[in-house]
Trainee: 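To start, I am sharing the structure in question, which I have written as structure tokens.
Since this is a predicted model, take the numbers as computed values, not measurements. Chain identifiers are assigned alphabetically (A, B, ...) following the order of the sequence lines, protein sequences preceding nucleic acid strands; residue numbering begins at 1 within each chain.
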Protein chains: 2
Amino acid sequence: MTNSGKTESKSDKAIDRVYNYVKLYIKTNAYSPSVRDICKGAGLKSTSSVHTYLRKLDDMGLIEYRPGMRRAIIIKNSDETQEAGLPADVVRLPCIGKITAGQPVYAFEDESDSFLVNASLFGNSIIGSEDAFILKVSGTSMINAHIMDGDYLIVRKQNSCQEGDIIAALIEDEATVKRFGYKNGIPYLFPENDMYSPIPFNTEGCRILGKVVGLHRYSIY
Amino acid sequence: MTNSGKTESKSDKAIDRVYNYVKLYIKTNAYSPSVRDICKGAGLKSTSSVHTYLRKLDDMGLIEYRPGMRRAIIIKNSDETQEAGLPADVVRLPCIGKITAGQPVYAFEDESDSFLVNASLFGNSIIGSEDAFILKVSGTSMINAHIMDGDYLIVRKQNSCQEGDIIAALIEDEATVKRFGYKNGIPYLFPENDMYSPIPFNTEGCRILGKVVGLHRYSIY
DNA sequence: TCCTGATAAGAACAAGTGTTTGACACCCGG
DNA sequence: CCGGGTGTCAAACACTTGTTCTTATCAGGA
């Protein structure tokens with residue numbers, strides 16, 4: 001109204017009312033409103049107008065509007081970077097696949113290859129899917145730290161670490177999980193299993209991928 | 001219609017299929033199925049049969065079935081309605097608080113007291129928040145099974161178990177996690193720590209809460 | 001003023017869907 | 001064997017609701 005020369009100002013308000021009413025209605029009733037419900041709720045008198053706006057909202061990606069289906073509107077919660085449909089404090093982390101030429105390759109293709117974690121559990125150190133990844137444990141070299149074969153580790157990316165940290169590191173293009181420490185002033189990666197030997201940590205062939213901050217286990221024996 | 005009899009054997013199977021399919025459908029699609037959708041999903045060939053069952057389910061109080069409204073079924077019984085904003089394959093499980101008078105009390109009030117898990121990781125055994133809960137480990141009695149103090153266990157509810165299962169059980173109103181097994185034909189709950197002794201499992205004071213199917217750890221040392 | 005585009009309305013159409021009716025098959029107790 | 005209850009089906013009916021078409025209103029520019 002106050003905007004001179006802007007006919008959109010009026011339409012924007014109507015489309016906003018439609019959007020907000022749909023959100024409110026679904027939240028209140030747990031099912032979608034019909035076009036005529038929205039008419040009343042948004043103060044529009046024609047189903048056709050509502051229909052137009054719903055299509056626009058669908059084009060904008062704000063809702064999902066199935067053609068012909070009754071009461072089947074879905075609100076697409078798009079928080080920009082935030083994955084659609086996830087609460088703000090939850091992050092989906094990619095599961096690391098293999099590592100070639102020093103560059104980890106993430107296995108995104110499968111839903112089961114990603115994990116949801118509550119970001120709040122890690123303070124503010126993991127707020128996006130860029131900050132961490134998942135590494136599946138293979139072998140029992142860390143069994144004394146109670147990390148078992150088949151466990152999924154949450155690794156927060158960082159390129160340095162402190163003595164005693166359990167870290168994921170790249171050794172000659174192979175990802176491994178060990179405890180970082182020193183012996184006689186020399187840095188080592190220590191397995192937590194007497195059957196294995198410490199690995200000298202020489203900065204040439206080794207790279208720190210990150211620190212293990214969490215663990216998921218779905219095979220309980 | 002007047003409820004006359006109680007011949008359940010056959011109808012219960014179909015009505016269960018209807019109920020489960022409606023739950024699944026809503027969980028998957030975020031809106032209700034139509035009667036004809038349910039026909040296909042529940043293996044019934046007549047909309048009329050489905051209609052009958054829906055009315056019965058409404059009478060039982062399991063769903064809310066609005067006369068005349070399309071796709072407006074609500075699952076009622078329900079912390080079971082899918083949490084708004086979560087993807088279909090993700091379930092938020094409540095963290096068990098304390099146990100009083102034999103009844104576990106769930107601590108729902110705090111977001112940090114609940115966990116998100118990918119339902120797909122557990123096959124179809126966990127599809128709703130009523131199927132499982134989270135139990136925080138206190139103590140080291142299961143350390144040999146690599147379950148540490150402070151770990152969070154995902155416990156699928158069930159009231160029986162097999163030898164060798166790691167289960168959560170109620171012993172004299174106290175929740176505990178042990179491995180179930182037999183010694184000399186007598187059932188015991190075995191700790192996985194030589195410092196502790198097996199606990200005889202007598203059905204009077206003991207109740208099985210569920211089986212441990214997953215583990216989350218957020219304190220890595 | 002007249003035209004034009006945007007917005008909204010109203011009506012009509014068509015499809016999806018809830019509901020009802022009637023019928024058939026089956027089981028079970030007389 | 002019979003009759004009632006139950007579970008299912010098929011089809012028809014009627015209402016809800018998505019969709020489209022046409023028209024009305026209004027603001028701004030030539």
Side-chain angles (χ1 to χ4, degrees), chain A residues 1-22 25-26 29-60 62-75, chain B residues 1-22 25-26 29-60 62-75:
Chain A
M1 328 219 136
T2 48
N3 272 351
S4 51
K6 280 245 176 188
T7 33
E8 320 163 24
S9 62
K10 224 162 134 197
S11 97
D12 273 3
K13 280 195 178 168
I15 200 171
D16 281 350
R17 285 202 309 275
V18 168
Y19 182 52
N20 289 328
Y21 184 73
V22 171
Y25 191 101
I26 292 182
N29 298 291
Y31 50 80
S32 294
S34 69
V35 173
R36 283 160 184 82
D37 287 333
I38 304 173
C39 272
K40 279 185 246 162
L44 290 166
K45 287 188 185 135
S46 167
T47 59
S48 148
S49 313
V50 172
H51 188 250
T52 308
Y53 290 132
L54 287 176
R55 273 233 285 251
K56 277 189 188 170
L57 287 168
D58 187 35
D59 286 346
M60 295 184 201
L62 290 173
I63 66 172
E64 225 169 281
Y65 187 47
R66 305 279 208 289
M69 273 213 175
R70 281 102 177 105
R71 294 184 182 276
I73 301 173
I74 297 179
I75 303 288
Chain B
M1 298 307 172
T2 51
N3 274 345
S4 35
K6 301 199 86 188
T7 27
E8 285 140 7
S9 54
K10 226 162 139 195
S11 98
D12 270 5
K13 279 190 185 165
I15 201 173
D16 281 352
R17 286 203 308 274
V18 169
Y19 182 52
N20 288 328
Y21 184 72
V22 171
Y25 191 102
I26 293 182
N29 298 291
Y31 49 80
S32 295
S34 68
V35 173
R36 283 161 184 82
D37 287 334
I38 304 172
C39 272
K40 278 185 246 160
L44 291 168
K45 286 189 187 136
S46 167
T47 59
S48 153
S49 311
V50 172
H51 188 249
T52 307
Y53 292 132
L54 287 177
R55 274 232 287 250
K56 278 190 187 169
L57 287 168
D58 189 33
D59 286 346
M60 294 183 202
L62 290 173
I63 66 171
E64 223 169 283
Y65 188 45
R66 304 280 209 288
M69 271 212 176
R70 280 101 178 106
R71 293 185 183 274
I73 300 172
I74 297 179
I75 304 289

Trainee: May I ask you to list the residues of residues 38-45 of chain A, by number, that have any heavy atom positioned under 4.0 Å from an atom of DNA chain C?
Mentor: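 Residues of residues 38-45 of chain A under 4.0 Å from DNA chain C: A:Leu44, A:Lys45.
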
Trainee: Work out which heavy atom in B:Ile73 is nearest to a heavy atom in B:Pro33; give both atom names and the distance.
Mentor: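 It is CD1-O, 4.1 Å.
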
Trainee: Listed by chain and number, what are the salt bridge (Lys or Arg N to Asp or Glu O under 4.0 Å) partners of A:Arg55, not counting sequence neighbours?
Mentor: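 With sequence neighbours excluded, A:Arg55 shows a salt bridge (Lys or Arg N to Asp or Glu O under 4.0 Å) to no residue whatsoever.
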
Trainee: Any idea which heavy atoms bring A:Lys56 and A:Ile15 closest together, and the distance?
Mentor: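 Closest approach of A:Lys56 to A:Ile15: CB-CD1, 3.8 Å.
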
Trainee: For residues 41-52 of chain B, run the donor-acceptor check on the side chains, cut-off 3.5 Å, and write out each pair with its distance to 0.1 Å, sequence neighbours left out.
Mentor:
residue	atom	partner	partner atom	Å
B:Ser46	OG	B:Ser48	N	3.0
B:Thr52	OG1	B:Ser48	O	2.8

Trainee: Tell me, please, which residues at least two apart from B:Arg36 pass side chain to side chain donor-acceptor pair (under 3.5 Å).
Mentor: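 Applying side chain to side chain donor-acceptor pair (under 3.5 Å) to B:Arg36 gives none.
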
Trainee: Starting at the 5' end of nucleotides 18-25 of chain D, put B wherever the base has a protein heavy atom under 4.0 Å, S where only the sugar-phosphate does, and a dash everywhere else.
Mentor: BBBB----

Trainee: Does B:Val18 reach the side chain of B:Ile63, with side-chain heavy atoms less than 4.5 Å apart?
Mentor: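 Not touching, per the 4.5 Å side-chain cut-off.
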
Trainee: With a 4.5 Å cut-off on side-chain heavy atoms, are A:Val22 and A:Leu57 touching?
Mentor: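 Side-chain contact under 4.5 Å: no.
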
Trainee: Write down the distance between CZ (B:Arg17) and P (D:dG7), rounded to a whole number of angstrom.
Mentor: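 So the two atoms are 13 Å apart, to the nearest Å.
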
Trainee: State whether A:Lys56 places a side-chain N or O below 4.0 Å from either non-bridging phosphate oxygen (OP1 or OP2) of C:dA6.
Mentor: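 Result: no.
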
Trainee: Between C:dG18 atom C1' and B:Asp58 atom CG, what is the distance in whole Å?
Mentor: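 Going from CG in B:Asp58 over to C1' in C:dG18 covers 14 Å.
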
Trainee: Just to verify, what does B:Arg71 make a side chain to side chain donor-acceptor pair (under 3.5 Å) with, not counting sequence neighbours?
Mentor: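 Side chain to side chain donor-acceptor pair (under 3.5 Å) list for B:Arg71, sorted by chain: B:Tyr25, B:Asp37.
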
